[in-house]
Every structure is written in structure tokens, then in C-alpha cells.
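Letters go in sequence order (proteins before strands), and every chain restarts at 1.
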Amino acid sequence: MDSLAIRLSAVTKRYGPVVALDRVDLSVAAGEFVALVGGSGSGKTTLLKTINGLIRPDGGEVRVAGEDVAATPPHLLRRRIGYVFQEVGLFPHLTVAENIAITPKLLSWNPARIADRVMTLLKLVALPQDVAARAPSALSGGQRQRVGVARALAAEPALMLMDEPFGALDPVTRDALGVDYRALHRRLGLTTIMVTHDIAEAVLLADRIVVLDRGMVLADGAPRDLLMSSRNPVVLALLEAPKRQAERLRERLGA
Amino acid sequence: MNARIDAALKLLPEYLGWHVLLSVSALMLGLAISLPLAVAASRNARMRWPVLAFASLIQTIPSLALLALFYPLLLGLSALSETLFGQGFSALGFLPSLLALTLYSILPILRNGVTGITGVDPAISEAADGVGMTGWQKLWQVELPLAAPVIMAGVRTAAVWTIGAATLSTPVGQTSLGNYIFAGLQTENWVFVLFGCAASAGLALTADQLLGLIETGARKRRRGLIILGLAGLLLGAGAAMAPIAHFGKPDSYVVGAKNFSEQYILAELMAERLEQTGAAVSRKEDLGSSVAYRALAAGEIDVYVDYTGTLWTSVLGRVDNPGRKALLDQLTVELKRRDGVLVMGSLGFENAYAFAMRADRARALGVVSLDDLARVAPGLTLGTDIEFLSRPEWKAVDAAYRLNFKAKRSFQPTFMYRALSGGEADVISAFSSDGRIAADRLVVLSDPRGAIPPYDAVILVSPKRAGDRRLIEALRPLIGAIPVGAMQAANYSVDRDAGKVTPVAAARSLISPAN
């Protein structure tokens, strides 16, 4: 048995002449919070989607909890993996409760257990119980993304994939949701892979940062280690940006 | 006026019932075909273009032509099935109408279906995959519910089109609300025409509103509206179709008629005599000229009246003219031998093609015969009915007299007489038994070269009824019983503008004086 939550071996993906992923190797242990960072076109979203089979690699192998993704029916795989993305994608014809209940329903949980689970999740993502019967269109952006997180967590997955989950939110909501999710990650013992272009967010939330550039892993390690040990100018520039910003903020605000 | 509305109302249950049955069947079939097609086309971009292009192509065929084209196609298929399985089917009436209308209903549902499904927000589609739905679960739980309002809008369009186009199924022998319109047009019964239009429009509006309830319900996610709309549709369709539930009994006689007044009158005359024997009789009216004979030979109608010259030229393809008696004799032998069709005999009058002019105009031009007409033709306009110029009779006349008209225009028979009196045509291809010849005081030009064959009205009986004693005994008294004057008077009583009567009433007056 493979004790790793995720293992990618020499994963390659091409779009025509463009190489999105170039023989990427990556292992993630259970319980880790990994941030995938890099500019646009670096391959970070493509990498994330090979893990739940939304994108099929052209070469290499992806294993989730020891299981070969290519050999698993994708819908069964995805019911075991939480997936949150920037556009949220709540079903507009279903209520908040029905949205959250969708994966448990696909797994044929009994109705009482589902109803119970929905209430627990609303509490978990800090939403009032009375939003359950509302339509997604009646919620604020932050509330919608909280429902998105609740829906992803509904079937009690051990692994969460997040694609710029808080990217469309205002800074205050974004910060609050980030902090809340980090707490959930720890409390529920989740393994989380989060794609973000915001280095500050990556540094604040993740245990480990993987820097991608043109489909290759440029650097991989804890935020502090990367800053200390990396010699790559791109990585250093990337990591020093939030640090410089923080210093400037302190100067201007005089804290 | 009131009498005509009463007459129209009495026919409504039967006409409306068939119209609804036809429209509902076509729409259901259209839905069953176009929805899966829309799903397939929205999944596969390469298939989308050809499928939509084909559906659009069908829509460009005039609906009447689409209906007409199914008749020979089905006739061929029926013959094939007869040889293969020993069992043919009716190529006339319901089936060709159903198929043509089904094809017609496909485009709006298909196009809106594709638009609706491909228009689902990609984020929602990705979420459906992300939460672990299979392709089918995604289709049923996400894509179809979200596309439902757009699809329903397509169904509404299809319903309105289908109900409107169903009026055109009358000429291929399917009873519909179009019977009011076609019969009314022929007999200048504008009350009937308006009644048919209003009934069809009312039906279309009702269906549209009920489907609109379902569409609104789907859009606002209100189940109550959807149920209300569905219940309204089911109840309405059920109530409309109830009166025809007893129709289509196999034991009944089918009397056919072509699309002009004389034919309606004679069909009513024969139907009445058959009904007096206690038989159930249904009518298939407004059949195209050559459709009628083929329908009889195929046994889809049992009896109708045709004209010897028409059969001689159009069915047997002959161009010679052996004389009135010899032609009838040869025709009787040939049709029996070729198709098993029984020619019972002449009703006693001729309805020949006759070139007619206004008396004053003929006198001014010095025209008495077709020879005279040929001389002045380059300055004249010929008005004909829709089919005359493509018939062999015209070719024979043209070959014999060389008629080079300044212009040739086709009209519905009704409007042809109007054109003559209004001066839009100088000479028309009239019918010798038409009451309007005497009433309008028209001059019929003589045919010194004998180019136009005789046109004795004869009763034809289908092969399968050729030995039916009841039918033959009921109709035999009509042979030789109708002089041309009586027929002209009966035709005129239906065609005239003021004080017109129904073909049923005209049929009764046609034989009662002789009794």
C-alpha cells in the first residue's frame, strides 16, 4: 500500500504544441496543505485537474491514495474528492441545502443522514441555518463560496482540491474564508491542494509551496525554507514580493 | 349566414378531433426524435452543424409540398410491404400527414434544445463533473432542468407551426380544420374559410398559452404552473379527440372527391345512398386529381366520380380520340384489366374542358371556334385552373390549334371566373357542367378538330369493392340519371355568391326532381 495521499510520476500534458505539464513528479503526504503557485500558463490548474480526472494526462501516472486515477471510473473517484473552484458553480435550480446534499445523494445516503450532514456543514462553514432553503442567487459572493466549500466537504472526503477558491472575493471576505478554511483543514485532518496566484495567501495558509513554471516544478518546500535556500531568481522574486509588501504596509500604516 | 355557421359548427367535433389527434401525435413524435438528437448534437460539435442544417432544409420545403411528397413515397413502401409481408398500409390520410408534420416540428425543438444544453454555464457543467455525476446524471439533473425553459419555448413554436400546417393535410385525404378552408375556397363559402382559420388559430393560441404556463413554471421553478399547464393540455386534447374515438371502423365505405364543387355534391349524393343501406360512410375530400385514382386503385377509397377523358389521357396516357362511346367502352375494359377498377357507367352528363369567353368579347373579336381563337390568341390572356397547363389535354389542344397566347395565368377555379369577368383573362379553361357558364352568359368555343376528348362523368369502384353487391345496387340507380342541366344547376347553387347552399343540400335537389 502507498501511504501517500497523492503521487504524480512523470505526468505530461500537451495542448497542441504547448506543453502544459512536462514530466512532473510530485508526492503529497496525508494531512499536508500544499499551495501550487506560478504565473498564468505555468500549468498549476492543469496539474490540479489531473488529480480528480477532469484532465487526462498524455503520459505518466497519477495515484490517489494508492489508486491509479486512469483505472478508476472518474465519477466514483470524484465522489471521494472535494473540489472547490473560483466560479463556485452552484446549481441555480437547486436550493443551498440541495446543492450541499448532491454528492451524498449520488452516493445514496439515507435522507435523515443527509439532512443531518447539511446542518452540520452549514455550521462548519459558519453560515446561518436559514440559508438552507434559499436559492444560490439570494446569497452574497462570500456566502456562495462557503456553500461551495460545504458542498465539497459533504461526502466526508479526505482530499480537497481547490482552484483559486477565494480569488473572486473582496479582501476582507477572502481573508476570513482563508483563515476559516485553514482551521477546517486542521480540524478535519484533510489533505488540501490549493492553486493560487496570490503568494501571500499561499504563505499564510499552506505548509508547503510548489512553484510551477512552464509545466515544470521550479521549487518545492516550506515557505521559509524556500526563501532561505532557493537560488532561482524567479522563485526568490516571487517569495520576496509579499515580504516587501508586508514591510511597506507596516511602514505606511505605522503599526 | 347563420345557417352556414350552424353547418360549420356541426362539422366541428369531427374536424377538430382529427386536427388535435394529428397535431398531438406529430408533436409527440417530433419531441421523441428531436430531444435525443439535440442531446447528441450538443455533445458532439462535429455532428451539430449537419443535423441543424438538415432540419433547416426540411423547413424550407413548402409544407403543402412536403405533405404531398409523402403520398407517393408511402404508396411505394406500401407496395413493397405488400410483396414482402403480404400486408400493405394506407398511403393516404393520417400517415403522410403525421410524417410530414413530425418533420416540420423537429427544427424548433432541436434548435432550442441544442441552444439550451450548450448554453449551460461551463462552471456549472464543471461543478456537475466535480461532484461526481455520471454523464446521464449530469444530463437529467443539471443540463435538462436548466435548458427546460429554452426547450419549452421551442416546443411552443413547434406546436403553433404544427397546428397551422395541419390544415394542409386535407388535400392528402386527412380530415382536419383545413376541410373548412379548402371546401370554402372551392365553393366561395367565405364563412367556412373564416371559420376554419379562426378554429385553427384559436387551437394554436390555446396550445401556446398552456405550453407557455409550463415554460414559465420551468423558468421560475414553480411546479404548480407546470402541473396546471400539463393538466390543461391533457384535458383539452382528450375532450377534443373524444368525438372521433368511434371513427375508423374498418367496415365503413370511403367515398372520395376531388377538390371542386361538383365532386363534393356527387360524393354527398353517393354517400347518402350508401348510408340509406345502413352502412357507415366516411368521406375523403379535396383529393388531388391523380391522387384520387391511385387512392382508388390502392383501395384507400372505395368509390368516386371521375371523367372519361381525364382517365383516358392521364391514367392510360392515350392521346387519340376514338369518339365518346368507343372511349368509354375501351376505358372500362382497360381499367378492369390493368387495375381491377370497375367503371360502373356514365351518370349521364359530360364535364369537359371547354374554352369559354365573355359573349361581348367573343362577338367583338369574331371568335366562335378554337380555330378563330388561334388567330387572335397573340393578343389575349388565357386563364386556367392550376393543373390544366400541365395536363395532356392542353398539349393536345395546343398541338391541334397552335395557341400562342400573350400570357397564361393559373387560378383557383373560383378566381378563374372572376378573372374572366374582371378582364384579367380573355379566355378561360372552363368546365362544361359548370353552372357559371350559363349564369355568366359565357360563350363556349367549338372544337372542330376534335382535340378535346369526351369527359363523361363515371362512377369508379375500387378493386376490393368491385364485387360488393350492396354498394353496387345502392349506386346503380344514379347511372344515366343526371342530365347536364341538372348538374349545372346544382353546381351553381353551391358556387353562386348569394343564397348558396351546402353540397349536401345540392345533392338532395339533384335527384329529387327526377323521382
Side-chain angles (χ1 to χ4, degrees), chain A residues 45 48-49 51-56 72-95 98-108 133-137 144-145 147-155 157 159-165 167-168, chain B residues 35 38-39 42-46 112-113 115-155 212-230:
Chain A
T45 293
L48 189 81
K49 288 184 178 175
I51 298 169
N52 67 355
L54 283 175
I55 289 174
R56 296 262 149 188
T72 313
H75 62 279
L76 296 181
L77 177 79
R78 290 176 200 144
R79 288 173 193 176
R80 295 198 302 263
I81 302 177
Y83 181 57
V84 182
F85 59 114
Q86 185 172 334
E87 296 87 353
V88 196
L90 295 184
F91 302 119
H93 59 302
L94 304 179
T95 63
E98 287 167 332
N99 263 284
I100 295 174
I102 200 95
T103 307
K105 230 174 182 165
L106 294 173
L107 290 167
S108 320
R134 282 196 219 157
S137 57
R144 269 205 280 273
Q145 194 51 285
V147 176
V149 171
R151 182 175 67 181
L153 288 170
L159 173 61
M160 287 286 278
L161 302 180
M162 307 180 98
D163 190 357
E164 308 212 12
Chain B
L35 267 190
V39 171
S42 61
R43 288 276 184 277
N44 184 342
R46 218 176 296 164
N112 281 40
T115 308
I117 295 172
T118 56
V120 170
D121 182 354
I124 290 166
S125 178
E126 185 173 329
D129 291 327
V131 299
M133 289 188 184
T134 63
W136 282 112
Q137 286 168 336
K138 180 171 159 180
L139 180 68
W140 284 109
Q141 298 183 26
V142 178
E143 289 170 316
L144 285 183
L146 290 180
V150 184
I151 295 174
M152 277 313 297
V155 173
L213 276 184
I214 300 178
E215 184 191 332
T216 310
R219 181 162 286 137
K220 298 192 170 160
R221 311 187 206 300
R222 282 172 55 190
R223 205 176 292 259
L225 282 182
I226 299 179
I227 292 171
L228 194 67
L230 275 177

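Screening residues 118-142 of chain B for salt bridge (Lys or Arg N to Asp or Glu O under 4.0 Å), with sequence neighbours left out, gives A:Lys49-B:Glu126, B:Asp129-B:Lys138.
When heavy atoms are compared at a cutoff of 4.5 Å, A:Leu90 approaches chain B solely by way of its backbone atoms N, CA, C and O. Interface remark: B:Leu146 contributes side-chain atoms only to the contact with chain A (heavy atom separation under 4.5 Å). No part of A:Pro73 comes within reach of chain B, as not one of its non-hydrogen atoms sits under 4.5 angstrom from that chain. Only the side chain of A:Arg151 comes within less than 4.5 Å of a heavy atom of chain B; its backbone N, CA, C and O stay farther away.
Side-chain atoms of A:His75 never come within 3.5 Å of backbone atoms of B:Gly135 as a donor-acceptor pair (strictly under, hydrogens ignored). In this structure, the side chain of B:Thr118 does not engage the main chain of B:Ser42 through any donor-acceptor pair within 3.5 Å.
Taking each heavy atom of A:Val84 and A:Ala152 in turn, the nearest pair found is CG2-CB, 3.5 Å.
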